[in-house]
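Predicted model only: the values in this text are computed from it and were never measured. Atoms within each ligand, like the ligands themselves, are counted from 1 in listed order.
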Amino acid sequence: MSKRRRIYEGKAKILYEGPEPGTLVQHFKDDATAFNAKKHEVIDGKGVLNNRISEYLFVRLGEIGIPTHFIKRLNMREQLIKEVEIIPIEVVVRNVAAGSIAKRLGLEEGTPLPRSIVEFYFKEDKLDDPMVSEEHITAFGWAHPPELDEMTAMALRINDYMSGLFTGIGIKLVDFKIEFGRLVENDMVRIVLADEISPDSCRLWDADTDKKLDKDRFRRDMGGLVEAYSEVARRLGILMENEPPSDKSGPRLVSSNED
Ligand code: UDP
């Protein structure tokens with residue numbers, strides 16, 4: 001395949017120009033970063049797993065009426081997406097205390113929260129993505145009040161749906177981060193779910209043992225990241241039993257119907 005024009009390169013993904021106007025190709029790299037890229041490693045097979053897990057979740061969310069940028073998976077590492085204007089806000093939904101909320105509020109990791117909590121972070125690496133309030137977001141014009149309401153409502157629906165989905169496969173959805181974009185269609189602007197949802201952007205714990213099946217394995221030097229992501233894929237039914245996840249030895253992920 002001829003190499004397309006690179007539009008943007010992030011820490012774990014590259015965006016290329018798509019085959020048609022208004023489309024992009026989202027390429028999942030094997031790079032893992034944490035602490036605002038101060039820690040970096042290449043982990044063979046991670047991109048393949050995230051591509052497939054994110055595809056699965058975006059398709060399921062689309063089925064329940066969440067509008068998304070996802071069009072279709074192209075190959076092991078790439079998906080075709082609609083081009084959107086990314087809103088510079090990371091929306092985090094939390095069900096159980098972990099990571100920054102545990103530290104900030106002095107909560108023991110693993111403490112269930114009284115209810116699901118939505119937080120906003122301003123996407124700005126130079127500032128280490130500071131937490132911001134709705135007031136900041138609307139005052140600085142990063143999103144308009146109705147957009148923010150829509151993002152919050154969608155984030156909570158996504159949380160409800162994904163909590164149930166993961167509970168069904170013996171996994172606790174502790175927290176996750178999502179991003180939204182503005183999609184222009186027929187002179188209308190719609191807010192759609194964008195970016196990715198994968199074990200890089202969620203905290204996923206085994207329901208029985210609390211074993212971490214997410215990027216904390218990398219952040220905390222626990223090892224076994226690819227095995228953990230494979231376990232998530234396997235439980236979601238998108239990776240065959242006993243299959244190593246590497247794409248070096250050919251495709252091993254179960255292909256989906258739409259291919
Ligand atoms: N998260 C993310 N990207 C970020 C920051 C956080 O995907 O830039 C995810 C993270 O994986 C976790 C959730 O958002 O699932 C909440 O993260 P937290 O605020 O606890 O941040 P951390 O201390 O893990 O960076």
Side-chain angles (χ1 to χ4, degrees), residues 8-13 26 28-41 43 46-47 49-51 53-54 57-58 61 69 86-113 115-133 136-137 142 151-152 154-156 158-159 161-163 165-166 171-181 193-207 210-222 224-226 228-229 232:
Y8 170 83
E9 177 151 8
K11 286 170 255 181
K13 293 190 295 293
Q26 178 164 257
F28 288 77
K29 300 192 287 184
D30 280 339
D31 298 58
T33 62
F35 315 116
N36 201 4
K38 287 185 207 53
K39 182 177 163 93
H40 175 249
E41 223 174 278
I43 302 181
K46 180 176 81 79
L49 285 157
N50 281 351
N51 182 26
I53 293 171
S54 193
L57 294 171
F58 273 62
L61 289 167
H69 74 164
I86 289 286
I87 294 172
I89 298 296
E90 296 190 340
V91 180
V92 168
V93 184
R94 302 180 184 274
N95 300 305
V96 173
S100 68
I101 198 175
K103 200 166 160 202
R104 194 177 333 113
L105 302 183
L107 299 170
E108 192 183 338
E109 190 162 80
T111 313
L113 297 169
R115 60 179 169 80
S116 302
I117 293 175
V118 181
E119 295 174 344
F120 305 103
Y121 294 83
F122 179 43
K123 258 170 80 75
E124 184 56 87
D125 281 345
K126 287 202 294 281
L127 302 173
D128 270 346
D129 297 349
M131 185 154 104
V132 291
S133 72
H136 298 110
I137 296 169
W142 297 321
M151 286 158 63
T152 305
M154 265 199 250
L156 288 170
I158 292 167
N159 183 47
Y161 178 79
M162 291 211 307
S163 293
L165 177 84
F166 281 116
I171 291 176
K172 245 187 263 180
L173 179 61
V174 170
D175 57 34
F176 64 93
K177 184 269 297 181
I178 46 180
E179 295 183 24
F180 293 94
L193 180 67
D195 192 52
E196 69 174 288
I197 306 180
S198 72
D200 268 9
S201 57
C202 301
R203 283 197 172 90
L204 302 169
W205 294 357
D206 179 86
D210 278 351
K211 179 179 172 187
K212 295 182 199 307
L213 302 172
D214 56 57
K215 203 168 99 173
D216 272 348
R217 301 204 72 85
F218 168 70
R219 293 190 189 97
R220 301 180 189 192
D221 294 319
M222 300 168 83
L225 180 132
V226 162
Y229 286 27
V232 173

Taking only residues two or more places apart in sequence, or in another chain, which ones meet Asp175 in a side-chain contact (heavy atoms from CB on, under 4.5 Å)?
Arg94, Ala98, Arg203
From Ile86 CD1 over to Lys123 NZ, what is the distance, rounded to the nearest 0.5 angstrom?
6.5 Å
Salt bridge (charged side-chain N to carboxylate O under 4.0 Å, His left out) test vs Lys46 passes for just one of Asp200, Asp214, Asp30, Asp31, namely Asp200
Set of side-chain contact (heavy atoms from CB on, under 4.5 Å) partners for Arg115, sequence neighbours left out:
none
Residues with a heavy atom under 4.0 Å from ligand 1, by chain and number, are Glu90, Val92, Arg94, Ala98, Gly99, Ser100, Tyr121, Asp129, Asp175, Phe176, Lys177, Asp200, Ser201, Cys202, Arg203, Arg219
Quick one: list whatever passes salt bridge (charged side-chain N to carboxylate O under 4.0 Å, His left out) with Lys172, sequence neighbours left out.
Asp210
Ring centres under 6.0 angstrom apart (Phe58, His69)
yes
